[in-house]
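Taking it in order: structure first as structure tokens, then the write-up.
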Amino acid sequence: MVKLLMSVALIICCFAFPLAAQQVRIQSVQSSENITYQYYYDLLQLILTQTADDYGSADIVVINTPLSQSRGFSMLKADLLDVFWAGTTVERERKFHAIKIPLVGGLLGARVPVIVRDRFAEFEAINTPRQLQQLVACQGAQWPDSDILEYNGYRVERVITFQLIYSMLKQQRCDYFPRGLNEAYAEVNTKGNESLMVYDKLILHYPLPMYFFVSNDHPRLAQRITQGLEALITTGLLHVFIEQHETTRDMFPLSKYNNSRIFDLANPLLPPQTPFQNQDLWIDLPHPTKNAAALVE
């Protein structure tokens, strides 16, 4: 009888005091220029909200420590982060649970040079990959992009912190900073970057989806995020989100790139299981290029 009364009391307590919301720990913003951080934060929040009926409420908690990509994945492995977003590689998918739905339709791999405005005429004169390969790109030291660019014969200055890249570009210690279409416009419009511009008449194009990564020790969280993203894809709301979010909307309409010079690059880091067959996941640039999968050598 005592055990029965204790059980009833426990049930009553659970209804009176609901279980605390799950905490989902993510990285902090890297710098004031890292405007598109808000895009991934808002997308994750949308997913957690829309899956609350099935999985319970969840609160995003930002770990206020600036992280390199290497450090971010180390913290994910050590269970100090729950979700980390980054471009995918074979190694990253081998060590962590990659949720294989590209978060910006694959447009992370459409890179436009951010340049100093005074060098506009110089970039106007570039018509071949060989010409661009004579210049130096600033790029994140641990980003897959640096390896991809070097593999394809481009010169790269690897920079350890995001904020330092823009500082080096303004000082012309490098010639351009290749940014995803989804990143470049919002970053250049940041206060303090008035001397810079997005030179979108030239695009470096390679397959590089941005994914949410979760530790292999948290399959339920991975299942939740997958379910939420799949629902957004099925309803078409993910593409709407990409087109309307304040940090990504300026890259549309994609018809603005009809006359851009597009240099296709191979991505040797791309996992062979990348889901190119599901056309609903991808947003294609309007140009007659090879199938992205065929660019992997």
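- No side-chain donor-acceptor contact under 3.5 Å links Asn267 and Tyr151.
- Between the side chains of Tyr206 and Asp145, at least one donor-acceptor pair of N or O atoms lies under 3.5 Å.
- The aromatic rings of Tyr199 and Phe123 sit tilted, their planes meeting at an angle between 30° and 60°.
- For Lys256, there are no salt bridge (Lys or Arg N to Asp or Glu O under 4.0 Å) partners at least two apart in sequence or on another chain.
- Atom CG of Asn189 and atom CG of Asp250 lie 6.0 Å apart (nearest 0.5 Å).
- Applying the side chain to side chain donor-acceptor pair (under 3.5 Å) test to Tyr40 and every residue at least two apart in sequence or in another chain returns Asn182.
- Atom CD of Gln23 sits in a sparse spot, with 12 or fewer heavy atoms from other residues, nucleotides or ligands closer than 6.0 Å.
- When only modelled atom types and interatomic distance are considered, Ser146 and Glu150 share no side-chain donor-acceptor pair under 3.5 Å.
- In this structure, Val61 is not a member of the same hydrophobic cluster as Ile47, with clusters built from ILVMFWY side-chain heavy atoms closer than 4.5 Å.
- The main-chain N or O of Met168 is never found under 3.5 Å from a side-chain atom of Gln172 such that the two would form a donor-acceptor pair.
- Residues meeting the salt bridge (Lys or Arg N to Asp or Glu O under 4.0 Å) test with Glu246, sequence neighbours left out: none.
- Lys77 and Asn216 share no donor-acceptor pair across their side chains, judged by distance under 3.5 Å alone.
- Under a hydrophobic clustering in which Ile, Leu, Val, Met, Phe, Trp and Tyr are joined whenever their side-chain heavy atoms come within less than 4.5 Å, directly or via other members, Leu196 and Ile35 fall into different clusters.
- There is a side-chain donor-acceptor pair under 3.5 Å between Asp264 and His205.
- Between the Asn258 side chain and the Ser255 main chain, a donor and an acceptor come within less than 3.5 Å of each other.
- Aromatic pair Phe84/Phe96: centroids not less than 6.0 angstrom apart.
- For the side-chain contact (heavy atoms from CB on, under 4.5 Å) test, residues two or more places apart in sequence or in another chain that qualify with Gln69 are Ala86, Arg92, Gln142, Trp143, Pro144.
- Between Glu157 and Arg173 no salt bridge is recorded (no basic side-chain N to carboxylate O distance below 4.0 Å).
- Within the 4.5 Å cutoff, the side chain of Asp82 has no heavy atoms near those of the Ile26 side chain.
- A salt bridge links Arg158 to Asp147: at least one charged side-chain nitrogen sits closer than 4.0 Å to a carboxylate oxygen.
- Of the possible donor and acceptor atoms, one in the side chain of Glu183 sits under 3.5 Å from a partner among the backbone N and O of Gly180.
- One N or O on the side chain of Ser215 and one on the backbone of Asp217 form a donor-acceptor pair closer than 3.5 Å.
- At least one donor-acceptor pair closer than 3.5 Å links the side chain of Arg111 to the backbone N or O of Pro178.
- Taking a 6.0 Å sphere around CG of Asn259, one finds it holds 12 or fewer heavy atoms contributed by other residues, nucleotides or ligands.
- Electrostatic pairing of Glu93 and Lys100 counts as a salt bridge here, judged by a charged N lying under 4.0 Å from a carboxylate O.
- A donor-acceptor pair under 3.5 Å links the side-chain atoms of Arg261 to the main chain of Ile126, judged by distance alone.
- Between Leu103 and the choices Leu44, Leu229, Leu108, the side chain to side chain contact (heavy atoms under 4.5 Å, CB included) rule is met once, by Leu229.
- Listed by first and then second residue, the side chain to side chain donor-acceptor pair (under 3.5 Å) pairs that reach into residues 221-240 are Gln22-Arg224, Thr51-Arg224, Asp54-Gln227, Tyr55-Gln227, sequence neighbours excluded.
- Partners of Glu243 according to the salt bridge (Lys or Arg N to Asp or Glu O under 4.0 Å) rule, which considers only residues two or more places apart in sequence or in another chain, do not exist here.
- Salt-bridge annotation for Asp59 and Arg25: absent, with no side-chain N of the basic residue lying under 4.0 Å from a carboxylate O of the acidic one.
- In this structure, Lys170 and Asn193 have side chains that are in contact, with non-hydrogen atoms separated by less than 4.5 Å.
- Donor-acceptor pairing under 3.5 Å is recorded for the side chains of Glu187 and Tyr166.
- Taking the six-membered ring for Trp and thresholds of 30 and 60 degrees, Trp85 and Tyr37 have ring planes inclined between 30 and 60 degrees apart.
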